[in-house]
**Q** 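Take this structure first; my questions come after.
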Amino acid sequence: MNNYFTIHKLFTAKKNLLFLLSFILPGLIFFSYFFYTKNGVLTVDLGQQYVDFLAFFRNNLFSHPLRLIYSFSNGLGGSMLATDAYYLFSPFNLLLFLFPENLLPQAILIIIGLKIATSGLTSYYYWQQKINMPFYALAASSAYALSGYVIANHFNLMWLDSVILLPLLINEIDRTLKQEKSHLILITFLLWFTNFYTAFMTLAFGFLYLLTQIFFFNRKKQWSIFKSYLIKSILGSFLDAFMLLPVFIEMLQGKAASSANWSWGFQFIPYNQITKLADGAYNFHEMQEGMPNIFIPLPFLLLTILYFLNKKINWKTKLANGLLLLFLIASLFWTPLVLLWHLGQFPVWYPGRFSFVLIFLALNLAIIALNQQEKIKLWQVLPLAIVALGLILFVTFNDQSFDFLNENAQIATGAFLALGLLFIAFIYNKNNYAAIFFYLIIELELVINLVLSLGNLAYQKNYDYQNFVKNTTQVTNYETNHDQSLYRTEKNFYRSDDDPFSANYYGLSNFNSISNQHVLSLLNNLGFVNNSNSYTNFGGTPITDDLFGIKYYILPNEEITPLKEKKQMKYDNKNQRIDVGDYHLQKRFNQLILMKNNYALPLLFLSPTSTKKMKFDPSNITKNQTQFLQAATGNTTTLFHNVIWPDPKKINVSSWDGGWMQYSKKRKNKSARLIFNLRPKTNSSYYLELPGDIDDNAIDMYVNGSFVNLTVRDSNTRLINLGSRQSGQRIQIAITLKKDNLDLNAANLWRLDTKKLAQEMHSFKQIQPQITQPSALVIKSNHFSLHKKMTMKSTIPSSINWLVIDNGKILHKNKVLFANAFLSFNLNPGKHQITLIYIPWILIIGLLISLITLIIYIKINKNISVSANMEK
């Protein structure tokens, strides 16, 4: 008896140790890279978007939870529900509260590492049930946790929860197939809850997996299993209705509103996907415009092929799994399937976002092949050798076409293909240490692939983010303490488009996959730099500052004593807005200056004109801004005046015969420049209106010696501020041609009469009520009186969720939106106090559906328990 307990204890200890290893090793390998390279984890979207959302989540979840329903930090203002569902609702994010705010980047690195570690644990839990030798399951779990998909998308940390849950989903489907008790409802709920986007991909794969497994069952059993699966999947999905319904509605209004062009073609040449099987097949180009990352350790790749050569496995099962594998492979590059997996939209960056399911299936087939313990024959090794030779030859002969196929990648790929063949032909089933040997070469290849892949990326310094947050939050906290009204703040520089989330202010810039298309369209027409899911404050003027209620501007403090690099803020992305320096100096801080715009309107304002649909011309920004101003104030004064271009000084440049503002290089191999000297006769603000096709690829531009950032996103026509209050002084515009020809025919110089604008806005602002925001979902005005009928307009994006109350009575909102985007309503003569309440109706309906589903689920479980007891 004592011997039995001793053996049982040893077995249990070994089993627990392997579970622990499945968790620790993938996370440790990932952490080690950042420890030894001393890199921060912030890069691309993680550094420019997600870190800001996570900062917002950390700052508001427990202190201001209603801001997670609606926030004016979200662009000009918008629902946060779909944003929460997509970016923020992973349970891992609660770990952020264990770290001080200044260690947020380090906390994110730990969260990513823990997610990778957990995916190793869940996949080991699944595969150790499928194979007798646990080291094979351990190797597969590490290969899954550190696959090409995970390494390439580690910074898209919101997608990693589905990677964790996929093995658990397949495990519950397997239990359903055996007609055993399963937790399919819970796993389905968790998938939708943590990230609805990758949840769709995971659950779609789960459905396809189920079909391949029940295909050969008898019809009666098929229906019984399918019915059980369907009921549990529906219940799990309906439990998430409180989240899925708002997401669905907001997606229809946002990104899903834009249509994709379907075709029967390919996204890229299919056979080029072979290169992504090599070690280290990743870099910035692949991230942006490349192919899906499907790397698994090469011995596992050979074992996946061996699965189909295995005589012990039924040919019908191989046929079903083979068809599923081919379907997933075709989904990597065939356009209809690419769109199907990505909810009808082409992925912007990060191709093949579903490819973790393909990796899981390939590894699963490899584990099945290993578990057969079949004696390997020469006829089985020969096809694997041909595949291995073909792969290394393809990688070697295409190294010039794909810059990630460097010498190190080629050597690693050849070496591990050879090791894989060596294992299958001479070690597998022939040595007691075969599983350990296999495990070690898999871990080694995973380390090499990680180093080669991440070595091709560049990461931001953590202290750059920390310096930004520390200094801007100091300014915005001052604003909040000294001004209780509702207003917006902006800067003439930016760290990311989502700075308002990190620095805790209401801004204009925004980068979100779920964007309000009405707002985005308006900002495009007003000349703000934007693309399909982001917009910035680049392109604004005092007109837009006033109308959007941008009451404060944050500028760099150029008069400070130089600081050490790790303490100094960076202003890499400066907005050419010289005229914001004309605003009133409010306060100087250590590294920043706060300016106040005294003519900024409140976010709700009274207008003498009725709300009418506006027609904008995207190519005529000054006309659009004038129309916007006139619709708000009712004043028809023209404030923009065209300025005649001065004759340029031409260096290695000639004008086109009979052309206007059209130039060509004389000698193409030499530098060519145009220099325009403008001498303003007034203290107005001067602007250059530049078409979107003239960007940083066409020219370099300097204004009075200062470099001007001409980067555009979607070929936006925009206004560039040249100077302000410079009467009689020279404004020099120097343009260097980067191409042989330059057509400035559509470029215009404008003078904005800022003095007249200030007079007009001063008068208009006198009649405006005071607006405050008592809570995240409530906006209130003071008591005011009207002597005639007026329209209350706003720069608050319209939504069915806004309830408008005047003196306790509900008002009807205008069906026609102000500026085609914003809330407005009519007011009769008399006394008024306006209250706006944001009521998330769809969330409430979703909560009711989730509650009803929960009651049904509890009742079903209770009936099942009663029936089971009666049978006993």
Side-chain angles (χ1 to χ4, degrees), residues 17-35 41 90 92 108-131 134-171 191 194-195 198 201-202 205 279-280 282 292-301 303-304 353-367 370 416 438-454:
L17 177 62
L18 291 174
F19 271 101
L20 191 61
L21 282 174
S22 72
F23 176 82
I24 289 175
L25 282 172
L28 187 62
I29 290 170
F30 180 77
F31 279 128
S32 297
Y33 176 81
F34 289 91
F35 177 78
V41 76
S90 167
F92 285 87
I108 293 170
L109 174 61
I110 289 172
I111 287 173
I112 294 171
L114 288 175
K115 286 189 177 189
I116 290 172
T118 307
S119 63
L121 178 63
T122 58
S123 55
Y124 177 74
Y125 167 76
Y126 178 72
W127 280 316
Q128 56 89 28
Q129 303 173 63
K130 304 292 180 183
I131 193 164
F135 271 98
Y136 288 135
L138 197 61
S141 70
S142 290
Y144 179 69
L146 293 169
S147 66
Y149 176 88
V150 173
I151 296 303
N153 292 288
H154 68 273
F155 42 79
N156 292 313
L157 70 167
M158 66 280 180
W159 296 345
L160 298 182
D161 293 77
S162 291
V163 177
I164 293 169
L165 291 167
L166 174 59
L168 300 181
L169 173 71
I170 301 304
N171 186 66
L191 277 163
T194 51
N195 186 272
T198 48
M201 301 168 185
T202 309
F205 172 73
D279 288 277
Y282 188 59
N293 299 283
I294 57 171
F295 169 83
I296 58 173
L298 293 166
F300 268 121
L301 175 66
L303 286 167
T304 303
R353 300 173 184 187
F354 71 95
S355 57
F356 64 96
V357 303
L358 169 61
I359 288 168
F360 178 86
L361 177 62
L363 290 171
N364 197 45
L365 297 180
I367 285 291
L370 281 169
F416 286 105
F438 182 78
Y439 172 70
L440 291 175
I441 63 172
I442 293 300
E443 294 295 331
L444 178 61
E445 186 174 10
L446 289 171
V447 171
I448 290 173
N449 177 67
L450 182 146
V451 172
L452 291 176
S453 298
L454 298 190

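Because the structure is predicted, anything quoted here is derived from the model rather than measured.
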**Q** Grab the two heavy atoms, one from S142 and one from Y439, that are nearest each other, plus how far apart they are.
**A**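 Minimum heavy-atom contact is OG-CE1, 4.4 Å.
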**Q** Keeping the roles fixed (side chain from K115, backbone from F92), state whether a donor-acceptor pair exists under 3.5 Å.
**A**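 Looks like no, no N/O pair under 3.5 Å.
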**Q** Over 60° means perpendicular and under 30° means parallel, so classify the ring planes of F19 and Y124, tilted if in between.
**A** perpendicular
**Q** Which heavy-atom pair separates I441 from F416 by the least distance, and what is that distance?
**A**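 Result for this residue pair: O-CE2, 3.6 Å.
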**Q** Hey, do the aromatic rings of F300 and F438 have their centres closer than 6.0 Å?
**A** yes
**Q** Are the side chain of S453 and the backbone N or O of L450 linked by a donor-acceptor pair below 3.5 Å?
**A**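 Not confirmed, S453 side chain does not pair with L450 backbone.
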**Q** Roughly how far, to the nearest 0.5 Å, is CD1 of I442 from CG of L298?
**A**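 These two atoms lie 8.5 Å from each other.
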**Q** Please tell me if the side chains of V150 and F30 come closer than 4.5 Å, counting only heavy atoms from C-beta onward.
**A**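 Not in contact.
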**Q** Between N293 and A152, which heavy-atom pair has the shortest distance, and what is it?
**A**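 Scanning both residues completely, I find the closest heavy atoms to be ND2-CB, 3.2 Å.
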**Q** Restricting to non-hydrogen atoms, name the atom on A137 and the atom on I131 that form the minimum distance, rounded to 0.1 Å.
**A**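 For A137 versus I131, the nearest heavy atoms are CB-CG2, 3.9 Å.
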**Q** Passes side-chain contact (heavy atoms from CB on, under 4.5 Å), L114 versus I111? Steps please.
**A** CA-CA 5 Å; L114 288 175; I111 287 173; 5.7 Å; no
**Q** Are F356 and W159 packed together at the side-chain level, in the sense that at least one heavy-atom pair is separated by less than 4.5 angstrom?
**A**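 No, side chains not in contact.
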**Q** Go through R353 and N153 one step at a time and tell me if the side-chain contact (heavy atoms from CB on, under 4.5 Å) criterion holds.
**A** CA-CA 9 Å; R353 300 173 184 187; N153 292 288; 5.7 Å; no
**Q** Quick one: does F354's side chain get under 4.5 Å of T198's, heavy atoms only?
**A**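 With C-beta onward as the side chain, the pair stays apart.
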**Q** Between V163, I170, I164, which is the residue that forms a side-chain contact (heavy atoms from CB on, under 4.5 Å) with L166?
**A** I170
**Q** Measure the CG-CD1 distance between L28 and I116 for me, rounded to the nearest 0.5 Å.
**A** 12.0 Å
**Q** Report the relative orientation of the aromatic rings in Y144 and F360; use parallel for angles under 30°, tilted for 30 to 60°, perpendicular for over 60°.
**A**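 It falls in the perpendicular class, over 60°.
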**Q** Determine yes or no for a side-chain-to-main-chain donor-acceptor pair under 3.5 angstrom, with Q128 supplying the side chain and L138 the backbone.
**A** no
**Q** Regarding S90 and D161, is there a side-chain donor-to-acceptor distance under 3.5 Å anywhere?
**A**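 Side-chain D/A pair, S90 to D161: present.
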**Q** When rounded to the nearest 0.5 angstrom, what distance separates CZ in F23 from OG in S119?
**A** 9.5 Å
**Q** Report the C-alpha distance between F295 and E445 in whole Å, list the side-chain angles of each, state the deciding distance to 0.1 Å, and finish with yes or no for side-chain contact (heavy atoms from CB on, under 4.5 Å).
**A** CA-CA 11 Å; F295 169 83; E445 186 174 10; 3.7 Å; yes
**Q** Answer whether the closest heavy-atom distance between the side chains of F34 and L109 falls below 4.5 Å.
**A** yes
**Q** What closest approach, in Å, do I112 and F155 show between heavy atoms, and which atom pair accounts for it?
**A**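 Smallest heavy-atom distance, with atoms named: CD1-CA, 4.4 Å.
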**Q** After noting the C-alpha distance and the side-chain angles of H154 and V41, does the key distance pass the side-chain contact (heavy atoms from CB on, under 4.5 Å) rule?
**A** CA-CA 9 Å; H154 68 273; V41 76; 4.3 Å; yes
**Q** Are the side chains of L169 and L165 in touch, meaning some heavy atoms are under 4.5 Å apart?
**A**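 The answer is no; the side chains never approach within 4.5 Å.
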**Q** Check whether any side-chain heavy atom of L160 sits under 4.5 Å from a side-chain heavy atom of T118, and report yes or no.
**A**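 Answer no - side chains too far apart.
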**Q** What's the shortest heavy-atom distance between N195 and M158, and which atoms?
**A** CB-O, 3.3 Å
**Q** When rounded to the nearest 0.5 angstrom, what is the spacing between CH2 in W127 and CG in N364?
**A** 6.5 Å
**Q** Keeping the roles fixed (side chain from S123, backbone from P167), state whether a donor-acceptor pair exists under 3.5 Å.
**A**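 Not a single qualifying donor-acceptor pair exists.
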**Q** How far does CG of L21 sit from CG of L17, to the nearest 0.5 angstrom?
**A** 4.5 Å
**Q** Under 3.5 Å, side chain of Y33 to main-chain N/O of L454, donor-acceptor pair present?
**A**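 Yes; at least one donor-acceptor contact below 3.5 Å.
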**Q** Distance from L363 atom CG to L370 atom CG, nearest 0.5 Å?
**A** 10.5 Å
**Q** Is there a side-chain contact between L446 and P297 in this structure, where contact means two heavy atoms from C-beta onward sitting under 4.5 Å apart?
**A** yes
